[in-house]
Amino acid sequence: MKWEQVMGLEVHLQLATQTKIFSGAANRFGAEPNRQACAVDLGMPGMLPVVNELAVKYAVMFGLSIDAAIGKRSVFDRKNYFYPDSPKGYQISQFFEPIVGEGSFTIPMPDGSTFPIRITRAHLEEDAGKSVHDAFAGQTGIDLNRAGTPLLEIVTEPDFRTAEQAVAYLKALHSLVTTLGISDGNMAEGSMRCDINLSLRAEGSDELGTRTEIKNVNSFRFVERAIGVEAERQRDILEDGGRIVQETRLYDADNNETRSMRSKEVANDYRYFPEPDLLPIIIDETYIETLRATLPELPGPKRQRFVQHYALSDYDAALLASERTLAAYFEAVTASCGEAKLAANWILGDLSAALNREDIGINQCPVTPEALAGLILRIADNTLSSKLAKQVFEGLWRGQGSAEDIIEAQGLEQVSDSGVLEAMIDEVIANNPAQVVQYKAADEGKRKKLSGFFVGQIMKASKGQANPQLLSTLLIKKLDR
Amino acid sequence: MSITPADIAQVASLARLKIPEDALQDVTDRFGRILELVDELQQVDTTGVDPMSNPHDMQQRLRADEITETNARERLQSVAPAVDQGYFLVPRVID
C-alpha cells in the first residue's frame, strides 16, 4: 500500500525580551545555574505573576505578520502537571482564549515555488527550567534560569506532507521572527524548538490516522531525519497489521531513532482552568493599528520586491530576503554598484562561503558593501576575469585595501589588449606544431576540445590574466586560418 | 454523575496525593456529594452568558520589560533541602 504522511508542527519560540514573562528576572542564555531565577520563577508561596508588556507586543506583531485574528481579549490558563523543572506544579499558558488566532503563511520552497499553510493559533506561555540527570549521583539537578522565559507556541494545521515542506516552513518561520526581531531564533540554544505531530494514512484517504508527537527537535537537519525515521517506524507497524499508539516520542539524534517517553504519558491530563492570579489581557484597535504601522518589511513581500525590482531569480531572492541583515547588505552593494545580479551571485557565492568558513554572520563581515561593490564594478567593466576577481576578493577579505588598491598592487588587471594577446597566441602556436596539425586535421566537433590545449598554454603564459572571451575569439581565428 | 474509586485514585495520582486504600471509599463518597452539588449548578440555563475567567471586572496591568530582580540564589537556596554547584537537587527523575 502507498502511504501518505500527514504532519502538523508546534514551534516553541523564545521571545527576545530582557526579562521573564511574569517576573523582572533577566532572560539571558548561559548564566550560571539559578542566578536568574527569582521568587516568582521559583513558585514561592504568595508570589504573583505580572505580565511583561513586550511579550504581549511581540505576540501581536507575530499575529499581524501572518494575517491572524488578534485576540482582543486573551486569558491565561493553568496547565497542571508535576515535574521538578516546573516548580509551581503548573505552567501558565493560554488554552481557551489565545492571543493569536487563525492565520496563514506562504512558504518559499527551494525550487522557487511556494505553498500555503494554515496557522491554527499562537499563544503565550512560560518556559520550564532545565533538568540535569547525569551530573549528580542518584539525584537530578534543577536549573530554573529558563523557568518563566516567554514562549510563543505557534501551532499549524496538519498541512505538511513531506519533510522538505516542514523544514521549509521552519526556515521561513525563522526568517520571519528574526526579521520582526521578536526572537533571536537560535536553535542550538533552544530559542526555537519544534514538536512534530505525524501520522500516516493510505494514499487517497481523507481520514487522519493515529498520530505520534515527536518532542523538542532542535535543528533543521534533525527535523528532517526525525520525520524520516518516525514515518518508517509507523509504516512498518501498519504494514505488519499493527496499530499506532498515540504517544509522545523523543528523537535520539545519536542513534537516529524515536523513543517513547513513557513517564510523560501516564499523566496526560492537564486539567486546564483559568489562571486566577492573572486578569484578562485586553488589546484595543489603536494598539493593533499602531503596531501594524511599525512592522518592518517582511521576508515574503521583500522576496517579491527583489524579483520585480532587481530581476533576481525566485531562489536568489528568497535566500537574500530570508535574513534582514543579509538583505540590507545586498541592497547596499547594489545601490553602490548598480549590478544586482552580480551582487547577488557574489553575496550568495564567495561571500557566504567565506562567512561559513570563518563561522561568522554577515554583520561581522570584514568586507563592507562598498568594498564589494568596488570589486563588482571592475568585473562588470571587464577589468577582472572571474578568476582574478576571486583573488581580489581574498585580498578584500584580508583587509588589503579597496579592489583598486589590490588590482594595482598585485598587477591583476585582465589583459584585453588584442595586440598583446595575439603575440602570445602566435608564440604558443609556433612552439606546438604537432598540436596545430592535429587541430587542423580534426573535424568541426572535435576542434573546440582541442583548442582547450592552446587556451591553457596562453592562460599559463599570461598568469591567468588573459581576457578569456577575447582570447578565444582571436585564437580560433588564427587556428582556423 | 457517578464517580468510582478508580477515578479518585487517578485524580489523586495526578495531584500527587496519597490516599490510603482503606480511605478510598470514604473519599469517593464525599467527592461524589460535591459533584452532586456541581450537577445542581449545571442545571442553571447559561445560554448567552460568556464563561467568566475572573470575578473582577478589570483587565491585566502590564509590566515594563525592565530587570528588577537580580541574583538572589544564595538567599533562595538557603531554604532548599539540597543544593550542589548552584543546582537544586531533587530525587532522580528519568525520562
Side-chain angles (χ1 to χ4, degrees), chain A residues 17-20 22-26 32-42 44 50-56 73 75-77 80-84 87 89 96-97 131-133 135-136 138-144 250 261-264 266-267 269 271 274-276 278-282, chain B residues 3-4 6-19 31 34-35 38 41-42 46 49-95:
Chain A
T17 53
Q18 292 299 308
T19 64
K20 305 280 177 82
F22 300 124
S23 82
E32 272 182 61
N34 292 307
R35 292 179 70 99
Q36 290 178 180
C38 71
V40 173
D41 307 327
L42 261 55
M44 288 290 188
V50 188
V51 182
N52 184 335
E53 65 175 3
L54 195 58
V56 172
R73 177 182 189 275
V75 174
F76 285 99
D77 300 291
N80 298 281
Y81 67 94
F82 283 101
Y83 205 76
F96 301 104
E97 297 178 76
S131 306
V132 177
H133 295 295
F136 308 96
Q139 289 183 296
T140 294
I142 305 290
D143 174 10
L144 295 171
L250 184 80
M261 290 171 74
R262 289 196 182 78
S263 66
K264 291 215 170 173
V266 187
D269 177 355
R271 296 149 291 141
E275 165 58 89
L278 289 168
L279 292 155
I281 292 182
I282 308 296
Chain B
I3 193 156
T4 66
D7 295 328
I8 295 295
Q10 164 72 358
V11 172
S13 110
L14 290 174
R16 296 290 192 273
L17 293 176
K18 195 174 197 170
I19 299 178
F31 209 106
I34 294 169
L35 289 179
V38 175
L41 288 172
Q42 300 276 39
T46 55
V49 180
D50 284 334
M52 182 178 70
S53 49
N54 196 291
H56 302 287
D57 188 19
M58 293 188 291
Q59 69 181 67
Q60 180 65 37
R61 267 187 56 197
L62 303 180
R63 171 179 61 78
D65 182 36
E66 287 161 10
I67 297 174
T68 53
E69 306 299 317
T70 49
N71 174 38
R73 184 173 82 183
E74 286 63 35
R75 191 163 53 82
L76 292 168
Q77 291 197 335
S78 66
V79 293
V83 294
D84 189 10
Q85 296 162 58
Y87 290 88
F88 293 96
L89 294 187
V90 299
R92 185 144 207 177
V93 277
I94 309 267
D95 260 330

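Source: prediction; values computed, not measured. Residue numbers start from 1 in every chain, and the chains themselves are labelled A, B, ... in the order their sequence lines are given, proteins ahead of strands.
- For A:Ala135, the side chain to side chain contact (heavy atoms under 4.5 Å, CB included) criterion is met by A:Val132, not counting sequence neighbours.
- Open room surrounds CZ on B:Phe31; 12 or fewer heavy atoms of other groups in view lie less than 6.0 Å from it.
- Judged purely by atom type and a 3.5 angstrom limit, B:Arg63 uses its side chain to pair as donor or acceptor with the backbone of A:Ser23.
- Interface summary for chain A: among B:Gln60, B:Glu69, B:Gln59, the most heavy-atom pairs under 4.5 angstrom belong to B:Gln60.
- Looking at B:Arg75, neither its backbone nor its side chain comes within 4.5 Å of chain A, counting heavy atoms on both sides.
- Within the 4.5 angstrom heavy-atom criterion, atoms from both the backbone and the side chain of A:Thr17 approach chain B.
- Looking at A:Pro276, only its backbone comes within 4.5 Å of chain B, counting heavy atoms on both sides.
- In terms of heavy-atom pairs under 4.5 Å with chain A, the best-connected choice from B:Ala72, B:Ala64, B:Pro51 is B:Ala64.
- From A:Phe96, atom CZ reaches atom OG of B:Ser53 across 10.5 Å, with rounding to the nearest 0.5 Å.
- Residues passing the side chain to side chain contact (heavy atoms under 4.5 Å, CB included) test with B:Ala12, sequence neighbours excluded: B:Leu17, B:Ile19.
- Contact detail for B:Leu76 and A:Ala39: the closest heavy-atom pair is CD1-N, 4.0 Å.
- Contact annotation for A:Gln36: neither backbone nor side-chain heavy atoms come within less than 4.5 Å of a heavy atom of chain B.
- In this structure, chain B has no heavy atom under 4.5 Å from any part of A:Phe76.
- By number of non-hydrogen pairs under 4.5 angstrom with chain B, the leading residue of A:Leu54, A:Val50, A:Leu42, A:Val40 is A:Val50.
- For a residue to count as touching a neighbouring chain, one of its non-hydrogen atoms must lie under 4.5 Å from one of that chain's; by this rule B:Asn54 touches chain A with the side chain only.
- For A:Ala26, the parts lying near chain B are the backbone and the side chain together; criterion is any non-hydrogen pair under 4.5 Å.
- Atom CD of A:Gln139 sits about 8.5 Å away from atom CG of B:Asp84, to the nearest 0.5 Å.
- Between A:Leu144 and A:Asn34, the shortest heavy-atom contact is N-OD1, 2.7 Å.
- With a 4.5 angstrom heavy-atom cutoff, B:Val79 touches chain A only via side-chain atoms.
- For a residue to count as touching a neighbouring chain, one of its non-hydrogen atoms must lie under 4.5 Å from one of that chain's; by this rule B:Gln77 touches chain A with the side chain only.
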